[in-house]
Protein chains: 2
Amino acid sequence: MAKPAHTSYSEDPKIDALVDETIARVADKWTLLLIEALEEAGPRRFSALGRDVEGISQKMLTQTLRQMEREGLVARTVFPEVPPRVEYELTGLGHELAEAFCGVWTWAEKNIGRIEAARAAYDERNS
Amino acid sequence: MAKPAHTSYSEDPKIDALVDETIARVADKWTLLLIEALEEAGPRRFSALGRDVEGISQKMLTQTLRQMEREGLVARTVFPEVPPRVEYELTGLGHELAEAFCGVWTWAEKNIGRIEAARAAYDERNS
DNA sequence: CTGAATCCTACCTGATACTG
DNA sequence: CAGTATCAGGTAGGATTCAG
């Protein structure tokens, strides 16, 4: 079968693997929600993010932010004050990813109804 | 701060939560790779998918396909033959999701270099 | 306030064996 | 071929405590 026009898969399986790995790292729940929060609110400090992202534990907040910083998605700025203040914001790369994810977001928002219906139908069939 | 124009977040926090949940369910590694495989190859049978998606166990293949079927992303067709043949293919909803993810895919493919560089820089700073 | 360190649980996942 | 059932190991993630 011919490759659909809107896919953009590399011919190189090694690149494919790298891309898969990259997406896997970037497409986890907390990363997604943090990108969302940062995209919406702009530069934001640690505790504020903890409040923005409902249900996130301090551990996962720290861990995910570190990971995102390492991937180049967020910039971390420490202000030498007392008490300490640390701000996080999306980098250019982070913003671009947020835009890329926008399509998925829109899709989910638009299709909640269809998904719920599909689930109900499935559960009905298998009850 | 004003809401960026390209975000499409609902005003309703309840919808937001639903969308987050939906994305979380749909954005896992194997689901992503299966969408990719199915989008590329069209209708495909169980064992073929197992070969397409490198590293997936039979258990996760079954589990992920069931989940996707429940969410309405894939259709499952059983052919009453001997030996049994079962084919999976993306539904309309599934195809739309694949297209939505296309942006993320493109982003990842385009920015592997920047990510690797960011990671190297981070590791350098923290060594 | 911003984290790091520890402990502990639950689930994710792979391997293996078995069925229609 | 297309699964299901079971078991064991690793890991993600939460709660708690402590520190700069």
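The sequence lines fix the lettering, A, B, ..., with proteins before strands; numbering per chain opens at 1.
- From one end of the helix from C:dC1-D:dG20 to C:dG20-D:dC1 to the other, with five pairs defining each end axis, the axis direction shifts by 40° (rounded to 10°).
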Practice task
Would you give a per-nucleotide map of nucleotides 13-20 of chain D, 5' to 3', where B means the base has a protein non-hydrogen atom under 4.0 Å away, S means only the sugar-phosphate does, and - means neither?
Solution key: BBB----B
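- A:Leu61 has its CG atom 8 Å from the P atom of C:dG3, to the nearest Å.
- Contact annotation: B:Arg44 does not reach the phosphate of D:dA2 (side-chain N/O to OP1 or OP2, under 4.0 Å).
- A donor-acceptor contact shorter than 3.5 Å is absent between the side chain of B:Thr64 and the backbone of B:Trp30.
- Between the CG atom of B:Leu65 and the P atom of D:dC1 there is a distance of 16 Å, given to the nearest Å.
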Practice task
Apply the test side-chain hydrogen bond (donor to acceptor under 3.5 Å, both in side chains) to residues B:Tyr88 and B:Arg44: give CA-CA distance (whole Å), side-chain angles for both, the deciding distance (0.1 Å), then the verdict.
Solution key: CA-CA 5 Å; B:Tyr88 296 86; B:Arg44 205 106 170 91; over 6 Å; no
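- Side-chain N or O atoms of B:Ser127 include one that pairs as donor or acceptor with a backbone N or O of B:Glu124 at under 3.5 Å.
- Under a cut-off of 6.0 angstrom, the local environment of CD in B:Gln63 is crowded, with over 12 non-hydrogen atoms contributed by other residues, nucleotides or ligands.
- For A:Phe46, the listed nucleotide lying nearest its side chain is C:dG3; candidates were C:dG3, D:dA2, C:dC1.
- For B:Glu96 and A:Arg114, the salt-bridge test passes: some basic side-chain N is under 4.0 Å from an acidic carboxylate O.
- Between the A:Thr91 side chain and the A:Gly72 main chain, a donor and an acceptor come within less than 3.5 Å of each other.
- No continuous path of ILVMFWY side-chain contacts below 4.5 Å connects B:Tyr122 to A:Leu73, so the two sit in separate hydrophobic clusters.
- Checking the phosphate oxygens (OP1, OP2) of D:dA2, a side-chain nitrogen or oxygen of B:Arg45 falls inside 4.0 Å.
- Using a 4.0 Å cut-off between a side-chain N of Lys or Arg and a carboxylate O of Asp or Glu, B:Asp28 and A:Lys29 do not qualify as a salt bridge.
- Atom CD in B:Glu69 sits 8.5 Å away from atom CG in B:Leu65 (nearest 0.5 Å).
- At the phosphate of C:dT2, neither OP1 nor OP2 sits under 4.0 Å from any side-chain N or O atom of A:Arg66.
- Among the atoms of the strands shown, only primed sugar atoms or phosphate atoms (P, OP1, OP2) are found under 4.0 Å from some heavy atom of A:Tyr88.
- Side-chain atoms of B:Ser47 lie closest to D:dA2 of the nucleotides D:dA2, D:dT4, C:dC1.
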